[in-house]
Protein chains: 2
Amino acid sequence: MITIKDIAEAANVSPATVSRVINNGPKVGPKTREHVKAVMDKMGYRPNINARALVTQKSTSLGLVLAELMDPFFATYANAIENVARKANTQLLMSSGSVQADTELKAIETLLNHRVKAMVVHAKFLDDDTLIQLARQAPGFVLINRYIDAIKHRCVWLDNVAGGRMMAEHVLKLGHRKIAVISSDFAIEDRVQREQGIRESLAEWGVDLSDSQIVHAAPNQEGGEIAMRQLLASGARFTAILAYNDAMAAGAINTLYDHNLEVPRNVSVMGFDDVLQAQFCRPKLTTMNYPIELMASQAASLALDYAQGKQPDTDVTYKYLPTIVARNSVARCIG
Amino acid sequence: MITIKDIAEAANVSPATVSRVINNGPKVGPKTREHVKAVMDKMGYRPNINARALVTQKSTSLGLVLAELMDPFFATYANAIENVARKANTQLLMSSGSVQADTELKAIETLLNHRVKAMVVHAKFLDDDTLIQLARQAPGFVLINRYIDAIKHRCVWLDNVAGGRMMAEHVLKLGHRKIAVISSDFAIEDRVQREQGIRESLAEWGVDLSDSQIVHAAPNQEGGEIAMRQLLASGARFTAILAYNDAMAAGAINTLYDHNLEVPRNVSVMGFDDVLQAQFCRPKLTTMNYPIELMASQAASLALDYAQGKQPDTDVTYKYLPTIVARNSVARCIG
DNA sequence: TTGTACGCGTTATCAC
DNA sequence: GTGATAACGCGTACAA
């Protein structure tokens with residue numbers, strides 16, 4: 001690789017002058033500037049960003065931690081962050097595959113070692129204390145999809161309890177009283193919170209949710225199919241299904257069709273997340289829109305701001321609410 | 001940020017000794033080693049990877065250029081690369097959003113400036129010469145989904161012409177003779193090549209493909225819907241549709257249903273890529289499997305190998321072929 | 001076994 | 001306007 005020194009030598013100037021040319025420095029003669037530029041062009045010079053970062057003590061990359069790139073939810077998230085990064089002339093340093101506490105920790109540490117200027121972290125398994133400590137080490141550290149009170153101005157999160165309530169209320173208002181839940185078997189708080197919201201809402205309406213009405217499986221389409229089969233086999237009665245996410249809802253619908261149950265004529269099914277799949281489904285899914293794109297953009301901007309020394313707005317909080325998207329998989333109960 | 005010098009000072013040793021401890025250097029006493037480790041732990045030392053890269057002249061990051069993270073095709077691609085990277089203890093430096101020649105160029109140059117050890121590049125708009133020149137600057141430069149003869153051992157690509165032929169033959173063998181094509185309006189070679197393959201195959205079977213039987217639109221679901229409406233409005237006659245990708249196929253199916261045409265009873269529809277959507281569709285799509293995961297892994301390994309100085313196998317080429325996945329959207333022609 | 005000194009590529013602070 | 005020179009954080013040859 002050709003360096004600033006090589007250019008200096010070939011152009012008969014000092015490295016300092018070359019550096020000035022590169023950075024559009026103020027004090028350099030017009031003809032030397034042109035000359036140096038020409039030499040750089042001819043020799044194919046490329047600035048070494050790492051060396052630059054070393055001396056300037058500032059990085060030009062933004063760290064990103066996520067669980068699973070192939071999940072459309074995370075793809076949307078990553079894409080939104082990338083857009084913010086690009087506008088800030090920042091490169092994305094990504095670490096996917098964080099599905100356990102130790103991989104999450106390793107991902108964050110690696111990013112820290114790379115001296116990223118800021119980072120947006122999706123971490124569901126690491127404990128609060130570790131996260132708090134990590135956050136203190138990096139000014140531009142922002143958590144997404146998680147709330148920790150001690151670092152609340154670094155958290156961009158969704159109110160899952162409210163989301164669960166909204167789901168339940170939606171079908172309750174449409175007359176459904178026999179409701180079943182297909183939830184995730186992943187040990188993360190989201191599912192617990194959504195279930196809690198559902199339970200709260202049902203309780204308020206005086207509707208019972210027995211343990212047999214709620215089944216857990218992997219949070220993907222196959223899991224949805226399995227859960228639905230389990231529900232049908234158990235003899236549970238229901239006119240509406242609340243699913244943990246759109247993939248599970250789609251799986252549930254598949255299984256219902258296989259059992260000659262039509263959606264929404266015989267059974268209503270509601271999803272969560274509103275990923276693209278919700279629109280591909282037949283029928284198109286009624287679901288909760290998770291404003292992940294908005295949240296991710298917010299998180300990235302926030303991280304970049306903090307990295308630049310901006311102080312947190314004490315009275316601002318970054319809690320988001322999902323919204324109901326009424327499509328065709330939920331109908332009024334005619335039982 | 002706390003440095004190696006701080007540790008040295010606090011531990012009463014020289015920076016060199018600390019460095020040895022960090023890198024598990026051979027010549028350092030057991031008790032000093034423990035002592036230094038303890039100090040590092042207490043002070044929360046983090047190696048500066050950039051500084052390390054500067055002196056060792058080797059990077060620990062792998063560059064990745066792609067067009068659109070939210071496209072499931074690219075998500076699969078990125079995910080496969082990430083898996084290879086992780087196994088090689090390598091961080092992913094990603095640049096998405098390359099949808100024009102200049103953004104592609106900028107993405108590659110940025111990665112080069114970061115001195116990534118290797119890079120896998122998806123570039124559809126840059127001209128061959130630029131790519132060849134870029135490739136010569138970086139030993140670990142590998143192109144995916146594109147073939148350039150001058151750097152053929154750096155190309156991992158799909159034979160799109162063969163893919164087009166396979167599609168056409170599949171429906172021809174099922175008796176279809178009235179065939180329409182829904183293609184992309186993106187100015188990239190893939191579509192031209194697939195259309196060429198289709199034409200070749202049809203010609204061999206003596207089947208005509210008039211210009212009115214082929215329409216172009218955006219390569220997504222909406223484009224598929226639009227193209228299908230156009231086809232129906234034009235009065236074209238067909239019993240089988242060959243779509244540019246699964247999204248367009250899904251869109252086409254939607255429109256057909258809206259016109260009370262059942263798939264595959266009235267019309268057969270075939271997709272391309274075999275992304276997840278192909279399985280979510282109703283009916284599940286018959287499509288061409290694009291082994292993008294395999295290809296991406298191959299490309300990443302290759303890039304890493306070349307970066308380590310491995311010489312290209314002269315007699316090996318990285319051409320891949322798609323395979324037919326027969327699901328439920330194509331049936332024997334009963335016209 | 002440990003320490004000293006140098007260099008990686010770059011920017012910044014001085015002089016001139 | 002331009003050029004030495006020192007630093008950034010680290011690894012390593014060499015000396016001790």
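Proteins get letters first, then strands, A, B, ... in listed order; numbering begins at 1 in each.
Shown are A:I292, A:D71, A:D273; of these, the side chain to side chain contact (heavy atoms under 4.5 Å, CB included) with A:T76 is made only by A:I292.
Of the N and O atoms on the side chains of B:N145 and B:Y290, at least one donor lies less than 3.5 Å from an acceptor on the other residue. Side-chain N/O atoms of A:Q311 and A:Y306 include no donor and acceptor closer than 3.5 Å.
The neighbour count for A:K152 NZ, taken as heavy atoms of other residues, nucleotides or ligands under 6.0 Å away, does not exceed 12.
Taking the screw axis at each terminus of the helix from C:dT1-D:dA16 to C:dC16-D:dG1 from five consecutive base pairs, the angle between the two is 50° to within rounding of 10 degrees.
Rounded to whole Å, the distance from CD1 on B:I7 to P on C:dG3 is 15 Å. The CG-P distance, from A:N24 to D:dG1, rounds to 15 Å in whole Å. Atom P of nucleotide C:dG9 and atom CG of A:D6 are separated by 8 Å, given to the nearest angstrom.
Under the 4.5 Å side-chain criterion, counting only non-hydrogen atoms from C-beta, A:I81 is in contact with A:L62.
Using a 4.0 Å cut-off between charged side-chain N and carboxylate O, A:R86 and A:E82 make a salt bridge. Ion pairing of B:D128 with B:R146 is present here, as a side-chain N (NZ or NE/NH1/NH2) and a carboxylate O approach within less than 4.0 Å.
The list of ring-ring contact (aromatic ring centres under 6.0 Å, His included) pairs with a residue in residues 78-130 of chain A, not counting sequence neighbours, reads A:F74-A:H122.
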Could you write nucleotides 6-16 of chain D as a row of B, S and -, 5' to 3', where a protein heavy atom under 4.0 Å of any base atom gives B, of only sugar-phosphate atoms gives S, and otherwise -? --BBBBBB---

